[in-house]
Amino acid sequence: MDRTVVLITGCSSGIGLQLALRLAADPSRSFKVYATLRDLSTQGPLWEAAGAHGCPPGSLKTLQLDVQDADSVAAARARVTEGRVDVLVCNAGRGLLGPIEVHSAEAVGSVLDVNLVGMVQMLQAFLPDMKRRRSGRILVTGSMGGLMGLPFNAVYCASKFAIEGLCESLAVLLPPFGIHVSLIECGPVRTAFQGKVQDGLDAALGSADAQTRDLFSQYQRHFEQVFREAAQDPEEVTEVFLAALRAPKPALRYFASERILPLVRLRLADPSGCSYVAAMRRAVFGDKPAEGPEGAQAEAGAGELGRPESSAPPAAPK
Ligand SMILES: NC(=O)c1ccc[n+]([C@@H]2O[C@H](COP(=O)([O-])OP(=O)(O)OC[C@H]3O[C@@H](n4cnc5c(N)ncnc54)[C@H](OP(=O)(O)O)[C@@H]3O)[C@@H](O)[C@H]2O)c1
């Protein structure tokens with residue numbers, strides 16, 4: 001029987017690396033994984049882990065693919081020897097942390113380019129063939145930051161919100177072609193991601209005003225606590241990808257952690273946004289609940305966050 005051909009972006013580390021291993025080493029031996037990396041010189045850890053996981057020969061192949069470079073996307077597609085990709089995993093991404101006024105135009109452009117334009121480029125390259133074959137799965141590493149705004153992550157959230165719109169639009173269109181789009185919505189995950197967003201931040205923060213710097217310190221303390229208490233390992237998250245991949249009728253959204261759900265529900269329950277903003281401010285900056293009906297509404301939302309199913313810290317950075 002033909003193996004399922006899976007192509008994953010961003011496999012140098014983190015979720016992409018773990019997913020490539022998980023599928024290549026799957027006991028069913030039913031996957032052929034093309035693990036793609038922006039820079040092939042970073043493939044060492046993937047192969048080391050593949051050896052340790054006992055990935056059988058021929059189950060895993062690495063390809064260079066930079067989602068920002070259309071030629072590199074086309075070259076990678078041409079090197080898929082099976083001539084088809086059954087499952088495309090859009091996972092590559094980068095973050096941007098800090099007050100919006102300290103970001104360089106280059107940093108802003110780069111986040112939007114990798115997270116959004118890069119994904120559009122991947123879809124443009126692989127979707128037409130899936131449509132022709134009337135079959136395909138598209139899995140996307142989504143984020144809590146694509147479902148709700150998070151302070152000091154405005155540009156990252158903007159890119160991830162955009163991905164929500166992109167995927168939801170395609171999910172409406174593609175079923176007649178036998179193609180399903182699923183977002184795997186992640187809360188905090190222990191990967192190299194956080195370290196990368198800290199690069200150059202201290203120097204940039206110097207140009208922000210004192211009050212913003214103080215709020216940023218509060219945010220960082222909150223984030224560290226959330227990460228300590230709620231971060232998942234990428235291995236846990238990859239099982240959710242597997243569930244989406246194996247579902248006969250895949251949903252548009254899967255949640256890597258149920259801890260995200262109370263905030264998602266709070267946003268939907270109050271379309272004005274007031275409850276969410278108040279609850280998030282209280283969680284991150286320790287605001288007191290407001291007096292009056294608006295405060296009561298926000299308080300109700302925040303109460304939901306404190307229930308046992310949601311005893312997790314209410315905010316995560318991504
Ligand atoms: N970690 C979290 O808490 C978290 C939470 C929610 C969502 N996510 C999402 O999960 C995804 C994977 O992140 P991760 O946590 O596993 O972090 P990671 O270990 O930093 O992985 C990100 C991957 O994306 C790659 N990448 C960056 N720019 C690229 C480009 N232009 N072309 C191709 N690949 C590129 C990186 O390659 P290089 O190493 O070469 O830069 C790396 O392999 C991202 O989309 C992120 O937004 C992460």
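Nothing fancy with the numbering, it's 1 onward along the sequence. Ligands are counted one by one from 1 in listed order, and the atoms in each one are counted from 1 as well. Everything numeric here is computed off the predicted structure, so don't read it as measured data.
Proximity of K160 to ligand 1 is established by a heavy-atom distance of less than 4.0 Å. Ligand 1 lies less than 4.0 angstrom from a heavy atom belonging to G187. Residue T9 places no heavy atom under 4.0 Å from ligand 1. Under a 4.0 Å heavy-atom criterion, G142 is in contact with ligand 1. Proximity of L65 to ligand 1 is established by a heavy-atom distance of less than 4.0 Å. Ligand 1 does not have G118 within reach: every non-hydrogen atom of the residue lies 4.0 Å or more from it. Assignment of T42 to the shell around ligand 1 is not supported, since no heavy atom sits closer than 4.0 Å.
Considering both main-chain and side-chain atoms, S12 comes within under 3.5 Å of ligand 1 through a nitrogen or oxygen pair. In terms of N/O distances under 3.5 Å, ligand 1 is approached by R38.
Residue V67 holds the heavy atom nearest to atom 32 (N) of ligand 1 of all those in V114, V67, T141.
Residue V189 touches ligand 1 through backbone and side chain together, judged by heavy-atom distances below 4.0 Å.
The minimum heavy-atom distance linking T212 with F152 is given by the pair O-CZ, 3.8 Å.
Contact atoms of ligand 1 toward G14: 16 (O), 19 (O) (distance under 4.0 Å to a heavy atom of the residue). Every atom of ligand 1 with a heavy atom of G93 under 4.0 Å away is listed here by number and element: 22 (C), 24 (O), 27 (C), 44 (C), 45 (O).
Under the 4.5 Å side-chain heavy-atom criterion for Ile, Leu, Val, Met, Phe, Trp and Tyr, L63 and F126 are members of the same hydrophobic cluster.
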